[in-house]
Colleague: 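My questions all concern the structure below.
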Amino acid sequence: MTSAAAELPEGWSISLDLGARRTDEGRTLIGGSPLRVLRLRPAGARWLDRVADGGAVPSSAGQRALARRLVDAGLAVPRPTPATQHTAADVAVVIPVRDDAAGLRVTLATLGDVGAVTVVDDGSLDPDEVRAAASTETASGATVLRHATSQGPGAARERGWRSADRPVVAFVDADVALPAGWLDGLLPHLDDPTVAAVAPRIGAHPGRAPRWLARYEARRSPLDLGPRPGPVRPGARVSYVPTAVLLVRRSALEAIDGFDEALRVGEDVDLVWRLAAAGLGVRYEPEVVARHPCRPSARAALRQRFRYGTSTAPLARRHGRAGAPLGISGWSALAWLGVLLGRPVPGVGVAAGTTAALVPKLRGLDHPLAEAVQLAGLGHLHAGRAAAEALRRTWWPLALLLGWRVPRSRPALLAAVLVAPLLAWCDDRPGIDPARYAALRLADDLAYGAGVWAGCLRARSAAALLPRFAGPVDPPTAP
């Protein structure tokens, strides 16, 4: 932990992740993804008191190594200083486009100063219109490359970055509106030698969508990964980022041989997961918010969800359980299975037993029983909500079959279908009535799940339908 790559860059600060909490008078830190318990020595607790709210990390190698450990575990959020290694002139922007000259104009108009711009026309019906948009909206014009027939967004991005010669590549979709100073919020993360890529938040703007759909999409857009920053990797709270906007080191793209051109959908998820598998860090930085227009109708939005669902089977073939519809501990799965089958008493018994079994692992804490109840209880509740979403979103054909054959399962299935979306409405407060929100949420889930099953049938594999079983909470460790 003393090498430069194992230390947070000098001058950076950190703050605790919103999901992390301190107990035992600040000596124990609980949180991260996956969940862990970190026991701090007195000096470490005092150090965290000083830096946890955005204080600069002292320059000593040991303290910067501790900051790195907290950041990598998802317990803390890095706060970079202004970028020193790269400027906007080092960035080559690659924009794939197909039949969307108007969206291309929007994106080009919001880019600001960058080193180079390459537009890859992926088989547009009117290539002259795309070329005209590229030549009129930037001061020096963009380089335009063309595919005579569409080869997909992955192939377009692949051709674009390989034609560029800058050390940083920014993939930006046509029709994305970038905020002023967008690179100022993203480039500093690349001063960290462990970070290969960084993505902003992709918020929805109404576009031509009706108001009720725009309000739903403002809370439930599949491109919007929320307001909390974090490391990006399979199994983490932020498990992927889209290439609607993504900054990547060119050297990292070369190391993993770029995009898989065989993928017509899910190629961005595949890229991010291969970066993670190669030990190349990816970060999500939601303080920078780009805007992507909503689909113009509910039918178009549902087609989008269906298409995204079809990506899960080819991704499962390449990455195993990384994109499983549910990550859950075996004990939580057993407890909720009892509830689902109309046998809540055994389920509660399993939950109580796992809570008791957790107490010995937490004996280093001041109040192990209370912490076990909180950790296990909240863990089971979160697992139940995730299981309900998987039933409603991916496994709904199986849920229908179960409800038909096992009448005792119907109350739990009904709760998964109705109660969970209403709880989400309470969380989201989307500005539309709960009945319409719940109906949209169910249609969203059904369309995505139909895509998952269609992809599995096409691939002749059920791998994308299988859950991923997570391990138990690890005992407290000391840095």
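Predicted model, so just to flag it, every value in this text is computed and none were measured. Computation of the quantities below employed the complete heavy-atom set of this structure, encompassing side-chain atoms and omitting hydrogens, waters and symmetry-equivalent molecules.
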Colleague: Taking the basic N atoms (NZ, or NE/NH1/NH2) and the acidic carboxylate oxygens, is any pair closer than 4.0 Å for R317 and D270?
Modeller: no
Colleague: Can you tell me if W453 has over 12 outside heavy atoms packed within less than 6.0 Å of its CH2?
Modeller: yes
Colleague: Please report the C-alpha distance between D173 and R157 in whole Å, then the side-chain angles of each, then the deciding distance to 0.1 Å, and finally whether the salt bridge (charged side-chain N to carboxylate O under 4.0 Å, His left out) criterion is met.
Modeller: CA-CA 10 Å; D173 280 357; R157 296 187 184 102; 2.9 Å; yes
Colleague: Please name the pair of heavy atoms, one in P58 and one in V51, separated by the smallest distance, quoted to 0.1 Å.
Modeller: CD-CG1, 4.2 Å
Colleague: Please determine which of R228, R36, R22 meets the salt bridge (Lys or Arg N to Asp or Glu O under 4.0 Å) test together with D17.
Modeller: R228
Colleague: Tell me whether D427 at atom CG has more than 12 heavy atoms from other residues, nucleotides or ligands lying less than 6.0 Å away.
Modeller: yes
Colleague: Does E254 come within less than 4.0 Å of R250, counting only side-chain N to carboxylate O?
Modeller: yes
Colleague: Around atom CZ of R21, are there more than 12 heavy atoms of other residues, nucleotides or ligands at under 6.0 Å?
Modeller: yes
Colleague: Does a side-chain heavy-atom distance below 4.5 Å link D191 with P80?
Modeller: no
Colleague: Looking at side-chain heavy atoms only, is the closest gap between Y284 and L225 below 4.5 Å?
Modeller: yes
Colleague: Under a 3.5 Å distance rule, please check whether S221 uses its side chain to pair with a backbone N or O of A218 as donor and acceptor.
Modeller: no
Colleague: L275 vs V232, test: side chain to side chain contact (heavy atoms under 4.5 Å, CB included). Steps then yes/no.
Modeller: CA-CA 10 Å; L275 287 170; V232 182; over 6 Å; no
Colleague: Evaluate S311 against V269 for side chain to side chain contact (heavy atoms under 4.5 Å, CB included), listing each step before the verdict.
Modeller: CA-CA 9 Å; S311 71; V269 178; over 6 Å; no
Colleague: What are the two closest heavy atoms between L8 and S13, and how far apart are they?
Modeller: CD2-O, 4.4 Å
Colleague: Please report the shortest heavy-atom distance between T149 and D122, naming the atom on each side.
Modeller: O-OD1, 4.0 Å
Colleague: Before accepting this row, confirm whether a basic side-chain N of the pair R318/E267 lies closer than 4.0 Å to the acidic partner's carboxylate O.
Modeller: no
Colleague: So, do D428 and R220 sit near enough that their side-chain heavy atoms are less than 4.5 Å apart?
Modeller: yes
Colleague: T28 vs R39, test: side-chain hydrogen bond (donor to acceptor under 3.5 Å, both in side chains). Steps then yes/no.
Modeller: CA-CA 5 Å; T28 300; R39 184 73 167 172; 2.7 Å; yes
Colleague: Checking the side chain of R219 only, and the main-chain atoms of P430 only, is there a donor and an acceptor separated by less than 3.5 Å?
Modeller: no
Colleague: Stepwise, does the side chain to side chain contact (heavy atoms under 4.5 Å, CB included) test hold for F171 with D268?
Modeller: CA-CA 10 Å; F171 297 106; D268 45 4; over 6 Å; no
Colleague: Could you check if a side-chain atom of R79 sits within less than 4.5 angstrom of a side-chain atom of E287, using non-hydrogen atoms only?
Modeller: yes
Colleague: Would you give the length of the straight line joining atom CG of L48 to atom CG of L16, rounded to the nearest 0.5 angstrom?
Modeller: 5.0 Å
Colleague: So, taking the atom named CD1 in I95 and the one named OG1 in T143, what distance separates them when rounded to the nearest 0.5 Å?
Modeller: 11.0 Å
Colleague: Using modelled atom types and a 3.5 Å cut-off, is there a donor and acceptor pairing between side-chain atoms of W336 and backbone atoms of H380?
Modeller: yes
Colleague: Would you say E158's side chain and F259's backbone share a donor-acceptor pair under 3.5 angstrom?
Modeller: yes
Colleague: Hey, are the side chains of R264 and S150 touching, using non-hydrogen atoms and a 4.5 Å cut-off?
Modeller: yes
Colleague: Should L271 and L253 count as side-chain neighbours, where that means a heavy-atom distance under 4.5 Å?
Modeller: yes
Colleague: Is there a donor-acceptor pair closer than 3.5 Å between any side-chain N or O of T107 and the backbone N or O of V176?
Modeller: yes
Colleague: Check Y448 against Y308 and note the closest heavy-atom contact, atom names and distance.
Modeller: CE1-C, 4.0 Å
Colleague: Return the OG1 to CG distance between T84 and L190, rounded to the nearest 0.5 Å.
Modeller: 10.5 Å
Colleague: Within the side chain of R159, is there an N or O that forms a donor-acceptor pair under 3.5 Å with the backbone of V120?
Modeller: no
Colleague: Check this for me: does any side-chain nitrogen of one of R291 and D224 sit under 4.0 Å from a carboxylate oxygen of the other?
Modeller: no
Colleague: Apply side chain to side chain contact (heavy atoms under 4.5 Å, CB included) to the pair R98 and Q151, showing each step before the final yes or no.
Modeller: CA-CA 10 Å; R98 185 187 182 198; Q151 298 177 32; over 6 Å; no
Colleague: Does the S239 side chain pair with the main chain of A236, one donor and one acceptor, at a distance under 3.5 Å?
Modeller: no
Colleague: Quick one: pull up CD in E285 and CH2 in W182 and give me the separation to the nearest 0.5 Å.
Modeller: 14.0 Å
Colleague: What heavy-atom pair brings A324 and L466 nearest, and what distance separates the two atoms?
Modeller: CB-O, 3.4 Å
Colleague: Taking atom types as modelled and ignoring hydrogens, do the side chains of D126 and S124 form a donor-acceptor contact shorter than 3.5 angstrom?
Modeller: no
Colleague: Does a salt bridge link R68 with D192, judged by any charged N lying under 4.0 Å from a carboxylate O?
Modeller: yes
Colleague: If you round to the nearest 0.5 Å, how far is SG of C294 from CG of L213?
Modeller: 6.0 Å
Colleague: I'd like to know if R393 pairs up with D444 as an ion pair, taking the criterion as any Lys NZ or Arg NE/NH1/NH2 lying under 4.0 Å from an Asp or Glu carboxylate oxygen.
Modeller: yes
Colleague: Quick one: does R283's side chain get under 4.5 Å of P231's, heavy atoms only?
Modeller: yes
Colleague: Does the side chain of V452 reach to within under 4.5 Å of the side chain of P325, using non-hydrogen atoms?
Modeller: no
Colleague: L326 and A387: which non-hydrogen atoms are nearest, and at how many Å?
Modeller: CD1-N, 3.7 Å
Colleague: Would a distance-only check, ignoring hydrogens and angles, find a side-chain to backbone donor-acceptor pair under 3.5 Å from S297 to A300?
Modeller: yes
Colleague: Measure from the side-chain N and O atoms of R249 to the backbone N and O of V195, and report whether any donor-acceptor pair falls under 3.5 Å.
Modeller: yes
Colleague: Could you give the distance from CG (L70) to CG (L40), rounded to the nearest 0.5 Å?
Modeller: 7.5 Å
